[in-house]
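In listed order, ligands and their atoms are each counted from 1.
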Amino acid sequence: MNVKEYLASSSNQIVLSHFDADDQSLAPEGKKESKKELKSLRKQLVKLQQVLYAESKHKVLIILQAMDSGGKDGTIRAIFDGVNPQGVKVASFKVPTPLENAHDYLWRIHQKVPANGEIVIFNRSQYEDVLVVRVHELDPEKVWKKRYEEINKFERMLANEGTTILKFFLFISKEEQKKRFIERLENPEKQWKFNPGDIEERKYWDAYMEAYQDVIDKTSKPYAPWYVIPANHNWYRDLVISHIIVKQLKSLKMDYPEPVENIHQYLDPLQNS
Ligand code: ADP
């Protein structure tokens, strides 16, 4: 699967206004076959995560951003199903608490970054401070404008210290969001997800797209790349993201740590004990 077309880079500028949220071009075999592939990727991910945890050398940070109903929760469920919960954590960033607000915007973020051997998934992130904060003018422009560079430096530091960073913007269309909100209103099992504020937020769609475009243009770096994922179809979104994560973990060339010397010598006394 050649996922390069979803990777924002200096040689591949992604323009959100032309991006197809329905795209399924990397899965020509369709949904049924792709679900099988997803299963196999999940198995690989479980194994890779085991070695990551055992080796305790690398840190992995996965950032998920999306518009409301964009599928962050579903992605986490689908992709990390079955991994060892000891080594995988999810950190969700909501409206800052008074304590968080009394600090700089990276304070709460830094506390949650992965340690050696861990995968941490950020459900929202430091990017809210140049997204919702920008769209709703929660801070003046001269404050949030500096943050792109600050975030780049922060991520550069994390990468220098051994963190693999992958950033995903789950891209749904405005039409798809409407469909998902209607489903939330009508389906009793989904009504709990409905938040009246989401309707108000939807009015700012274009401003969010502009803000996301800037995020992608200014903060996609080789050491912390942004992938824009077509997310109207959950199965396709899960397939592409799993693929990218598995490929990245494989490239770390991890291995189980060396066992203690002459490990077999311990077998005899144990069997005779
Ligand atoms: P989610 O939509 O992620 O499932 P919520 O419905 O609780 O979770 O929404 C979290 C809210 O917190 C979002 O509206 C988001 O914009 C907001 N938020 C996150 N970070 C910040 C921030 N730094 N400043 C202001 N609002 C933020």
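Protein heavy atom closest to atom 16 (O) of ligand 1, with residue, atom name and distance, is Glu128 OE1, 3.0 Å. Ranking protein heavy atoms by distance to atom 22 (C) of ligand 1, first place goes to Pro96 CD, 3.4 Å. What sits closest to atom 5 (P) of ligand 1 on the protein, heavy atoms only, is Lys94 NZ, 3.9 Å. Residue, atom and distance of the protein heavy atom nearest to atom 6 (O) of ligand 1 are Asn195 ND2, 4.4 Å. Closest to atom 12 (O) of ligand 1 among all protein heavy atoms lies Val95 N, 3.1 Å. Lys72 NZ, 4.0 Å is the protein heavy atom nearest to atom 4 (O) of ligand 1. Residue, atom and distance of the protein heavy atom nearest to atom 2 (O) of ligand 1 are Arg124 NH2, 2.7 Å.
For the salt bridge (charged side-chain N to carboxylate O under 4.0 Å, His left out) with Asp139, the qualifying choice from Arg134, Lys146, Arg147 is Arg147, the only one to do so. Asp68 pairs in a salt bridge (charged side-chain N to carboxylate O under 4.0 Å, His left out) with only one of the listed residues (Arg202, Arg184, Arg180, Arg124), which is Arg124.
In Val132, the part holding a heavy atom less than 4.0 Å from any atom of ligand 1 is the side chain.
With no hydrogens or angles considered, a side-chain donor-acceptor pair links Gln44 and Lys250 at under 3.5 Å.
Between His233 and Trp235, the ring planes are tilted. Angles from 30° to 60° get that label. Ring geometry for His103 versus Trp107: interplanar angle under 30°, hence parallel rather than tilted (30 to 60°).
Ligand 1 is never approached by His136 to a heavy-atom distance shorter than 4.0 Å. Under the 4.0 angstrom criterion for non-hydrogen atoms, Arg108 is in contact with ligand 1.
Annotation: Lys193, atom NZ; neighbour count of heavy atoms from other residues, nucleotides and ligands within 6.0 Å is above 12.
Residues Gln13 and Gln213 are in side-chain contact: their nearest non-hydrogen atoms beyond the backbone lie under 4.5 Å apart. The side-chain heavy atoms of Ser25 and Glu5, taken from C-beta on, include a pair separated by under 4.5 Å.
Polar contact check, Asp129 against ligand 1: a nitrogen or oxygen pair lies under 3.5 Å apart.
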